[in-house]
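Shown next, in structure tokens, is the structure this report addresses.
Proteins come first, then strands; the chains are lettered A, B, ... in the order of their sequence lines, and each starts at number 1. Predicted, not measured: the structure shown is a model, and the values here were computed from it.
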Protein chains: 2
Amino acid sequence: MAIGIKISLHEGLYLRDPQETSLGKNIIKHSIILIDEVGLEAFNFKKLAKQMGSTEASVYRYFENKHMLLLYLVSWYWEWVSFMIDMNTMNINDPRQKLHIIIDTLVSASRENPAIDYVNESILHRIVIAEGTKAYHIKEVDKENSEGFFLNYNNLSEKVANVISELNPNFPYPHALASNLFEMANNHIYFALHLPELTDVKIKGDNYKEVQEMLEYFAFKILGCK
Amino acid sequence: MAIGIKISLHEGLYLRDPQETSLGKNIIKHSIILIDEVGLEAFNFKKLAKQMGSTEASVYRYFENKHMLLLYLVSWYWEWVSFMIDMNTMNINDPRQKLHIIIDTLVSASRENPAIDYVNESILHRIVIAEGTKAYHIKEVDKENSEGFFLNYNNLSEKVANVISELNPNFPYPHALASNLFEMANNHIYFALHLPELTDVKIKGDNYKEVQEMLEYFAFKILGCK
DNA sequence: TGTTCATAATAGCAATACTATTATTTAAAA
DNA sequence: TTTTAAATAATAGTATTGCTATTATGAACA
């Protein structure tokens, strides 16, 4: 099943492209597992190196620090979602149906057939849910945004905003609705699992159906078509 | 203007109640200023102690670590918002009008007349916007939630959910809409200032009018009353 | 007047976030 | 096949962070 996909990410995110070498791929693979396991705060390059049988200094030759590694992983995730949306909406013209597919992809991107063996999309999804906002809630946000470090997220927002505007050209907040759908999808999965007082949906096993239904309710109601 | 308000917070948040001593109040005051200035990542107790002319060890006798201090500040903020909502909706019965006031309070809580001299509500609002989600995006979230560390946020969510249900008893997602309004309010202020591609609203000076209008549009449209 | 309590001052230690240096392996070029 | 370059491993080291312990000072109070 390993099709030859290469997720394209901003060069400024890394010092050496991890997708080019086996050590690089190993860093990606194990960092996903380890961040999920211990959380971003307790995660560091020494533990990562130990776990993958390499050295701290070697990891540092790929990523400047753990913030950049997180940003890389999060960007990877959104680029992956964007790619899945493109695949799933191919040949579909009805914007209404496109938005349905976008929402479906948002909550279930992690369950799609894995095409890249060194990335466990399902665990990566958990990381984005739990740690994703830390990638841009930083003092250097303006500088990093101006350098294009958040392009994958920005582009996806633009893409979904276009579908929204197609569906309802008079809707005044297409970008806000787009980014709100992303945030809501992740937040309410997190809430359902950890802070149930903050939501009304439940998750059984890996069934995100209620989250998906809620997003559809919100999106189509806001857009005045339902 | 200093009315004798005491914001009531969960005892588990601190080791010693900072509201009880002048050193404690100083810790609150200066931590707000310093976190805003350098960001949560670069903030630590040594710098805080230095800035306020005290010692690291003294700060540690009030808060277990910087996570707990952040949680304290965030809880303080939400309790303050909750208090303001209660004040502003006193004697108002129409749930529709209540929701208007809630949204207004959410975006402008920081501009209200400051009643507690050692807390700069306006700066605290910036901290909650920029660092707030880090308070509950942690590995220990389940344990801390079960100990009631997020009660202020949970209670506010419940309060607003009740108003929503009053307004539209058939609406299936009152808690989700409530928490989404909180998150959206803060996110889109942050986006407008730092990641403008992710929103459609603009902020001029300290005028959050467009954010407020958007929240009203979303809330009332979703609830089917507009 | 003595006792208790909070804070200040200082020190110290283990872990973190990096950087530098050298040695070894691998892999491509001549 | 040898040379050379590049990537990685091994090791060490430094500055900062996160936190604890010890003692001294001063205020409060009984």
Side-chain angles (χ1 to χ4, degrees), chain A residues 11-31 34-35 37-73 118 131 134-135 137-140 143-144, chain B residues 11-31 34-35 37-73 118 131 134-135 137-140 143-144:
Chain A
E11 289 199 359
L13 296 175
Y14 47 78
L15 300 172
R16 278 178 66 84
D17 187 349
Q19 292 186 100
E20 298 265 281
T21 68
S22 71
L23 179 64
K25 290 173 187 169
N26 242 275
I27 290 173
I28 301 309
K29 180 179 177 178
H30 285 94
S31 63
L34 192 55
I35 291 175
E37 197 183 313
V38 303
L40 188 68
E41 280 68 35
F43 170 87
N44 64 43
F45 283 4
K46 189 168 244 160
K47 286 177 190 166
L48 172 61
K50 193 179 174 186
Q51 214 211 32
M52 52 185 281
S54 179
T55 66
E56 215 184 341
S58 298
V59 179
Y60 271 105
R61 235 176 287 101
Y62 281 80
F63 292 100
E64 210 184 321
N65 50 46
K66 83 172 164 183
H67 163 64
M68 292 309 293
L69 174 53
L70 174 69
L71 197 46
Y72 182 94
L73 295 177
Y118 56 92
E131 321 280 5
K134 296 173 191 170
H137 280 111
I138 44 160
K139 264 285 149 184
E140 303 75 20
K143 192 171 151 281
E144 295 194 358
Chain B
E11 287 199 0
L13 295 176
Y14 47 78
L15 300 174
R16 279 177 66 84
D17 187 349
Q19 292 187 100
E20 298 266 282
T21 68
S22 70
L23 179 63
K25 289 173 188 170
N26 242 273
I27 290 173
I28 301 308
K29 179 178 176 179
H30 285 93
S31 63
L34 192 55
I35 291 175
E37 197 183 313
V38 303
L40 188 69
E41 280 68 35
F43 170 88
N44 64 44
F45 282 5
K46 190 167 245 160
K47 286 177 191 166
L48 172 61
K50 193 179 174 186
Q51 214 212 28
M52 53 184 284
S54 178
T55 66
E56 215 185 339
S58 297
V59 179
Y60 271 104
R61 235 177 286 100
Y62 282 79
F63 292 101
E64 209 183 321
N65 49 45
K66 83 171 165 183
H67 163 64
M68 293 309 292
L69 174 53
L70 174 68
L71 198 47
Y72 182 93
L73 295 177
Y118 56 92
E131 321 281 4
K134 295 172 190 169
H137 280 112
I138 44 160
K139 264 285 149 183
E140 303 76 22
K143 191 171 153 281
E144 295 194 0

* Distance below 4.0 Å between B/Ser58 side-chain N/O and C/dT7 OP1 or OP2 -> no
* **Phosphate contact (C/dA6 OP1 or OP2) by B/Arg16 side-chain N/O below 4.0 Å** => yes
* Where the side chain of B/Leu23 is defined as all heavy atoms beyond and including C-beta, which of C/dA8, D/dA10, C/dC18 is the nearest nucleotide? -> C/dA8
* **Distance, rounded to the nearest Å, where B/Met52 contributes CE and C/dA8 contributes C1'** => 12 Å
* Separation of atom NZ in A/Lys46 from atom P in C/dT19, rounded to whole Å -> 14 Å
* Asked: If we only count heavy atoms from C-beta on, is the B/Phe43 to B/Leu70 side-chain gap below 4.5 Å?
  -> no
* Structure fact -> Heavy-atom nearest nucleotide on DNA chain C taken for B/Ser22 and for A/Ala42; more 5' hit belongs to B/Ser22
* Asked: Taking side chain as C-beta onward, heavy atoms only, is B/Ile27 less than 4.5 Å from B/Tyr118?
  -> no
* To do: Output yes when a side-chain donor or acceptor of B/Lys66 lies under 3.5 Å from a complementary backbone atom of B/Glu41, and no otherwise.
  => yes
* To do: Check the pair B/Tyr72, B/Ser31 against side chain to side chain donor-acceptor pair (under 3.5 Å), reporting the backbone distance first and the verdict last.
  => CA-CA 11 Å; B/Tyr72 182 93; B/Ser31 63; over 6 Å; no
* **Rounded interatomic separation in angstrom, taking CG from A/Asn44 and P from C/dT16** => 5 Å
* Structure fact -> Taking D/dG18, D/dA9, C/dT16 as options, the one with an atom nearest any side-chain atom of B/Glu56 is D/dG18
* To do: Begin with the C-alpha distance, continue with both residues' side-chain angles, and end with the deciding distance and a verdict on salt bridge (Lys or Arg N to Asp or Glu O under 4.0 Å) for A/Lys134 and A/Glu131.
  => CA-CA 6 Å; A/Lys134 296 173 191 170; A/Glu131 321 280 5; 2.5 Å; yes
* To do: Round to a whole Å and report the spacing from CD of B/Glu20 to C1' of C/dA6.
  => 14 Å
* Asked: In whole angstroms, how far is the P atom of D/dT20 from the CZ atom of B/Arg61?
  -> 12 Å
* Could you check whether B/Phe63 gets within reach of a base, just the sugar-phosphate, or nothing at all, counting any heavy atom under 4.0 Å? => nothing
* OH of B/Tyr62 versus P of C/dA8: gap in Å, rounded? -> 9 Å
* Would you say a side-chain N or O of A/Asn65 is under 4.0 Å from OP1 or OP2 of C/dA17? -> no
* Separation of atom NZ in B/Lys66 from atom C1' in D/dT16, rounded to whole Å -> 12 Å
* Structure fact -> Taken to the nearest whole Å, NZ/B/Lys50 to C1'/D/dT16 is 13 Å
* To do: Could you work out which one of C/dA9, D/dT20, D/dA10 sits closest to the side chain of B/Tyr60?
  => D/dT20
